[in-house]
Every structure is written in C-alpha cells, then in structure tokens.
There are 2 protein chains.
Amino acid sequence: MPKVGMEPMRRKALVDAALRVIGDHGSLSVTMSEIAKQAGVSPALAHHYFGSKEQLLIETIRSLLKQLRDDAVTALKAARTPREKLSAVIRVSFHADQFAPQTIAAWLAFYAEAQRSEETRRFLVIYARRLRSNLVANLKPLCPADVAEHIAEGVAAMIDGLYIRQSLGSTRVGAEASIALTEDYVTIQLREAAR
Amino acid sequence: MPKVGMEPMRRKALVDAALRVIGDHGSLSVTMSEIAKQAGVSPALAHHYFGSKEQLLIETIRSLLKQLRDDAVTALKAARTPREKLSAVIRVSFHADQFAPQTIAAWLAFYAEAQRSEETRRFLVIYARRLRSNLVANLKPLCPADVAEHIAEGVAAMIDGLYIRQSLGSTRVGAEASIALTEDYVTIQLREAAR
DNA sequence: TTTTATTGATTGATCAGTCAATCAACATTA
DNA sequence: TAATGTTGATTGACTGATCAATCAATAAAA
C-alpha cells in the first residue's frame, strides 16, 4: 500500500480545513472543493473519507465542541473554590481561541445550521446544557438552588449574547470587557442573593 | 391580467413571502422559486421587480428592521418615566411577533449572512446601535453616564443571548421568563449603582 | 397603439457525489 | 535478491441536479 495510516491525518486535516474555511467564509455554504484545497487534497478524497459534506461538517462541529470541553476541564481543574470555578468557566468562553473572529463566525454558522440539521442542533444543545450545568453546580454552594438556576440562565444568555454581538464587529466590547461584564453580573447577583 | 399599479403590492407580497420562507427554512439558502411560489407569482417576476436575489433579501431585512423600529416607537411613546421606557424597550424585544420561532430563525440567518454581506451587516449594526442608544438614553437619568453605558451593554447582550438560546428550542426560558431575567438585571444593577 | 404585467422556456454556472484508473508501499515467492 | 501480486491512498474526469438570471412572447389596460 501507499503510506499506510494516512486516514487519521487526512481526517484531521480536512476537519481543520473545514473550520478555517467556514470561519473565513462566515457560512456553511462552502464547497467541498474549497475545503479539500485548503487541506491540500482532492475533493474526491474528502468524499472518500467522510462520505458526504454533511458528515464532514458534523465532524467539524464535534471537534469545535471537543476543544471547548477540553479547555473547560483544564480550567476547572486548576480552580479551587466554587467562585473560582465560575470565573474559570467564564474565562474559557472568552478565551482567545474561542473569541477569534473566525471561530465566532463558525459558531454562528452552526447555530444557523441547527435550524435545519437535527444532528447539529443536538450538539449545540449539549454545549448549552454543559455550560448551564457547570454554572449551576458551582453556584449552588453560594446561594439557594432556585437562585442558582436563575443566575445560570442569565450568565449563559450574557455569554452567548456577547458572542453574537462580537460577530458583528461593531461593538467596542472586547474579550476583557466581556469577561468583566459577565463577572460583574455574577458578583452582583450573588451579593443580592446573600441579603 | 395585469392591472396597472401592481408593483407596490407585488413587492410587499414578495418581501413577506421571503420572510416566511426564510423563517420556515431557517436559512437564507432559499430559492427564488420558493419565494415566488409562496407569493403566488412566477420566479421571473421576482427578478423583474428586484433585479437580483440579493436585493430582495436586503429589502426583506429592511422590512424586518422597520417593523421592530415601529413597535419600539409606539411602545416608547406609551411609556412615561425613564424606568418605564426601559421596560418598554425590553418588552418590545420579546414581543410575540419578534419571539416567534420563524422570526428568530430569520434573524439568526441574517446575522450569519452579515459575515459576508456588507449591506446586511450595516443593517444589523444599525439595529444594535439603536437598541444601545434607547437604553443609554433612558438609563442616564437614573445613574452616572459611564454606569449607564455599562448596563446598556449588559442588557443588550442579554437580550441577544436570550434570542439565540431561544433559537435552539432547548431552553425552558420563554418570553415571560426572558423579560423577567432582563428586568431583574436592570433593577439590580440600578440598585447597585444607587449605593 | 403603446405601455405595463406576467410567464414559460432556456441558459450558464456551480456543486455534491461517483467511478474507473493510477500510484506507491509492502509481502510473498521464486 | 529480484520479480510480482496485493491493497490502501489518491485523483481527474464525469454526471445529474439545482438555481439565478435572461429573454422572447403574450395578455391586458391605457
């Protein structure tokens, strides 16, 4: 055979290329040709390994999600107290990689795609649940359970909102300001709950 | 068949049809045929009046934005105090029409499109600015100017975030809860600022 | 008759997906 | 060692479908 064991490398290269092309293009309306070209292989090979464009896109979002989860796990492990862990969750969301214009554009494209693709929606729902669960778990030691759920919804909405506003590129709210805004929300809500 | 003076009616019918099709489809990847069919005319007529698909889509988002502005103007006129006006702005954002799954899907599609289309981005930036400006103007009588800007960013982010989360359909946060969450944010932030 | 509205038919471009053919490493065999 | 068969990797060329856009033709109103 030729260079045996190419498959894992090619798959990774194609998924990475897809992410880059989608981010640049700002849309899932990208061609297999573009992706393959970016990965340095023929379009036919992309089909050979992934079967269909949809499958390649699914793998791409899966990889995006995995990256985010890995970052979160690492950050959570480094934090000690619940309050520190909350800050860690927030910081991960606005971490440079995640907050890069290309990455934000890709997320946005996937949100739009979720309107049509059941599988894409499943992945995004998983992300939403995980974020919520991380927040609630670390809020519960600091306030009553129902308040924790309330704050968690607010924080999650604020994070997603800062993301989408960033995608327009019209706001002066950068990563640091976004973190500050979210932290501030948590702090004040917790203070209020402690009364 | 042709009665003279059809143009304004056809244009409106086509724009409305486009909005409906985009909302249903959850994407701007809709065909002129679909839109024309929905409007009860031939695809050729859509081209006759709008010149291109892009132009029709531009008119469509313009109409969506106009609806939102008109609602906001009406609601603001009915409110007396700054605090009431803030509530009015929030309520308009989550008003039934705006919060309908189809409408949310359409907004999301336009946000994605803004990554590529300069003109679409312009429209969305106008919306973002108007929301921010409405908020800041009515916050300033209630707190220092810099705090007003800070709170406005937070509120705007929360509104957009609640929107995008709604688009996934996975959350139990409905319109009422969304309004409550946002109102709560304003109230607590203002209380904090008053200390 | 002239102007406006409207459409069916057509075109040209774009793409996802298919397929038969080629290539290069390895194993086997003589 | 050298020839040969085997198989995964890879591609160019092709197909079928889709769609935006065009245009010539028709119908009605002015």
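Nothing here was measured: the structure is a model prediction, and the numbers come from that model. Lettering follows sequence order; numbering is per chain, from 1.
Remark: P of D/dC19 and NZ of B/Lys37 are 12 Å apart, rounded to the nearest angstrom. Atoms CD1 (A/Ile35) and C1' (C/dG17) sit 14 Å apart, rounded to a whole Å. One interatomic measurement links the two molecules: CD of B/Glu7 to P of C/dA5, which rounds to 6 Å at whole-angstrom precision. What separates CG of A/Leu14 from C1' of D/dT10 is a distance of 12 Å, to the nearest Å. When the P atom of D/dA20 is taken as reference, atom CG of B/Leu28 falls 12 Å away, rounded to whole Å. D/dC19 atom C1' lies 15 Å from atom CG of B/Leu56, rounded to whole Å.
Between A/Glu7 and A/Arg10 there is no salt bridge, since no side-chain N of the basic residue sits under 4.0 Å from a carboxylate O of the acidic one. The pair B/Lys37-B/Glu34 does not meet the salt-bridge criterion, since no charged nitrogen lies less than 4.0 angstrom from a carboxylate oxygen.
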- Query: What string of B, S and - do you get for nucleotides 11-16 of chain D 5' to 3' if you count protein non-hydrogen atoms under 4.0 Å?
  - Reply: BB----
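The 12-atom threshold is exceeded at CZ of A/Arg116, counting heavy atoms of other residues, nucleotides or ligands nearer than 6.0 Å. Within 6.0 Å of CD on A/Gln55 lie more than 12 heavy atoms contributed by other residues, nucleotides or ligands.
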- Given the rule in the side chain to side chain contact (heavy atoms under 4.5 Å, CB included) test, do A/Ile58 and A/Phe123 qualify, once you have shown the distances and angles that lead to the verdict? CA-CA 9 Å; A/Ile58 299 271; A/Phe123 280 115; 3.6 Å; yes
- Query: Taking it one step at a time, do B/Ser87 and B/Glu183 satisfy side chain to side chain donor-acceptor pair (under 3.5 Å)?
  - Reply: CA-CA 7 Å; B/Ser87 294; B/Glu183 281 284 344; 2.7 Å; yes
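Of the residues in residues 109-121 of chain B, none has a non-hydrogen atom less than 4.0 angstrom from any atom of DNA chain C.
Two residues are said to be in side-chain contact when any heavy atoms from C-beta on lie closer than 4.5 Å; B/Gln115 and A/His25 fail this criterion.
Under the rule for a ring-ring contact (aromatic ring centres under 6.0 Å, His included), the partners of B/Phe94 that lie at least two apart in sequence or sit in another chain are B/Phe99. Qualifying ring-ring contact (aromatic ring centres under 6.0 Å, His included) partners for A/Phe50, counting only residues two or more places apart in sequence or in other chains: none.
The other residues sharing a hydrophobic cluster with B/Ile188 are A/Ile188, where clustering joins ILVMFWY side chains under 4.5 Å apart.
When heavy atoms are screened at a 4.0 angstrom cut-off, A/Phe50 is found touching no nucleic acid atom at all.
Along DNA chain C, the nucleotide nearest to A/Glu54 and the one nearest to B/Arg10 differ in position, and the one closer to the 5' end is contacted by B/Arg10.
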Protein and nucleotides 12-16 of chain C: nitrogen or oxygen contacts under 3.5 angstrom:
{"unit_1": "C/dA16", "atom_1": "OP1", "unit_2": "A/Val30", "atom_2": "O", "d": "3.3"}
{"unit_1": "C/dA16", "atom_1": "OP1", "unit_2": "A/Lys53", "atom_2": "NZ", "d": "3.1"}
{"unit_1": "C/dA16", "atom_1": "OP2", "unit_2": "A/Met32", "atom_2": "N", "d": "3.0"}

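Here the shortest heavy-atom pairing between A/Lys85 and A/Arg80 reads CE-O, 3.5 Å.
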